[in-house]
> 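Here it is: the structure, laid out below.
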Amino acid sequence: MLNIFQAEINDSTLDDIKSAHSNRKRRRLRRAAFLAVAAIVVAALLGLFAQEKTVVKDGDSFTAEVQLPTVIRAGNEIELRIEITAAEPLPETITLELNEDYLMLFEDFSAFPEPESVASSAGGTIQFEVAPVPGSRQMVATLTGRASDQWSPSSGGVLGIEVNGNTTELEIRTWRIP
């Protein structure tokens with residue numbers, strides 16, 4: 001009679017297991033895939049895939065905060081939100097100046113509050129003169145519309161803000177996806 005230690009087993013379920021040396025390529029691919037997924041998760045946590053961006057810039061007598069989309073699709077709603085805060089009461093009018101190249105990103109354009117006047121300059125900029133509430137230290141202006149269907153990978157421009165003769169400029173850019 002044979003005991004278990006003397007028996008020869010030819011139909012083991014462990015016959016197809018490969019050694020660690022022959023499995024090296026598969027382990028490297030698995031590790032690379034894991035690191036790629038981990039890098040994407042870390043990038044998302046750091047906000048690299050954000051669809052909106054906030055730009056803050058201090059002027060001489062005021063602070064401007066602009067919220068804008070970083071990525072937009074044709075036909076979707078766009079909102080450019082401009083918040084101006086000052087230590088002293090704001091003047092009767094504030095001038096917002098936007099590069100025409102960036103303004104071409106909008107269709108069905110509207111501005112709130114309604115501009116007191118709109119002018120264009122020879123340099124390709126459009127100036128909006130808006131009136132804040134008298135005596136206020138803060139104002140929010142919004143420029144809204146739909147994203148145009150013109151195809152260019154991105155639209156960039158300069159947003160100028162003039163308060164009491166002090167001007168600050170913010171560079172803005174929005175990417176388009178098909």
Side-chain angles (χ1 to χ4, degrees), residues 39-178:
I40 290 172
V41 169
V42 169
L45 290 174
L46 292 175
L48 295 178
F49 303 125
Q51 292 186 358
E52 284 195 0
K53 176 177 159 180
T54 300
V55 179
V56 178
K57 190 159 184 187
D58 291 325
D60 290 339
S61 62
F62 65 95
T63 300
E65 180 178 314
V66 178
Q67 293 177 352
L68 67 143
T70 55
V71 178
I72 195 69
R73 194 172 186 152
N76 286 357
E77 190 75 21
I78 302 174
E79 181 177 280
L80 190 67
R81 184 178 184 275
I82 305 159
E83 183 177 335
I84 300 167
T85 308
E88 300 293 321
L90 293 170
E92 288 183 21
T93 59
I94 293 174
T95 304
L96 304 174
E97 186 174 283
L98 189 59
N99 188 320
E100 188 178 0
D101 292 338
Y102 192 82
L103 200 55
M104 294 301 292
L105 178 66
F106 291 87
E107 285 183 0
D108 302 331
F109 178 78
S110 67
F112 181 81
E114 181 102 10
E116 299 288 318
S117 68
V118 178
S120 63
S121 69
T125 59
I126 310 295
Q127 296 174 343
F128 302 95
E129 203 167 277
V130 293
V133 175
S136 67
R137 298 175 194 271
Q138 182 180 19
M139 177 193 155
V140 175
T142 56
L143 308 177
T144 59
R146 287 183 305 117
S148 68
D149 58 358
Q150 298 177 7
W151 177 247
S152 64
S154 71
S155 292
V158 176
L159 173 66
I161 302 170
E162 183 180 334
V163 177
N164 284 333
N166 298 320
T167 304
T168 188
E169 292 184 343
L170 297 99
E171 289 190 28
I172 55 178
R173 177 168 303 281
T174 298
W175 291 87
R176 294 180 206 214
I177 58 173

> Which heavy atom of Glu129 sits nearest a heavy atom of Thr93, and at what distance?
CG-CB, 3.7 Å

> So do the side chains of Val158 and Thr125 get within less than 4.5 Å of each other, counting heavy atoms only?
no

> Do the side chains of Arg176 and Leu105 get nearer than 4.5 Å, heavy atoms only?
yes

> How long is the gap from CD1 on Ile84 to CG on Leu90, to the nearest 0.5 Å?
7.0 Å

> Ignoring hydrogens, what is the shortest heavy-atom contact between Arg137 and Glu88? Give both atom names and the distance.
NH1-CA, 3.5 Å

> Please list every donor-acceptor pair under 3.5 Å in which a side-chain atom of residues 58-71 meets a protein atom from a residue at least two apart or in another chain.
unit_1	atom_1	unit_2	atom_2	d
Asp58	OD1	Thr63	OG1	2.9
Ser61	OG	Asn166	ND2	3.0
Thr70	OG1	Ala50	O	2.8
Thr70	OG1	Gln51	O	3.3

> Tell me, do Pro113 and Met139 make a side-chain contact under 4.5 Å, heavy atoms counted?
yes

> Looking at Met104, is its backbone amide N or carbonyl O close enough to the side chain of Ser148 to form a donor-acceptor pair, meaning the two atoms are under 3.5 Å apart?
yes

> Classify the side-chain pair Thr144/Ser110 by whether it contains a donor and acceptor separated by less than 3.5 Å.
yes

> Would you name the heavy atoms of Glu169 and Lys57 that are closest together and state the gap between them?
O-NZ, 2.8 Å

> To the nearest 0.5 Å, what is the distance between CD1 (Ile172) and CG (Asn99)?
8.0 Å

> Around Arg173, counting heavy atoms of other residues, nucleotides and ligands shown, do more than 12 lie under 6.0 Å from its CZ?
yes

> Could you check whether Glu83 pairs with Arg81 (Lys NZ or Arg NE/NH1/NH2 to Asp/Glu carboxylate O, under 4.0 Å)?
yes

> Looking at CG of Leu98 and CD1 of Ile126, how far apart are the two atoms once the value is rounded to the nearest 0.5 Å?
8.0 Å

> Rounded to the nearest 0.5 Å, how far apart are CG of Leu96 and CD1 of Ile82?
5.0 Å

> Atom CD of residue position Glu107 - does it have more than 12 heavy atoms of other residues, nucleotides or ligands inside 6.0 Å?
yes

> Does any part of the side chain of Ile78, heavy atoms only, come nearer than 4.5 Å to the side chain of Phe106, both counted from C-beta?
yes

> How close do Pro132 and Pro91 get, heavy atom to heavy atom, and via which atoms?
CG-O, 3.3 Å

> Got a sec, which pairs hit ring-ring contact (aromatic ring centres under 6.0 Å, His included) with one end in residues 125-147, sequence neighbours left out?
Phe109-Phe128

> Which atoms form the tightest heavy-atom contact between Gly156 and Asp101, and what is the distance?
O-CB, 3.9 Å

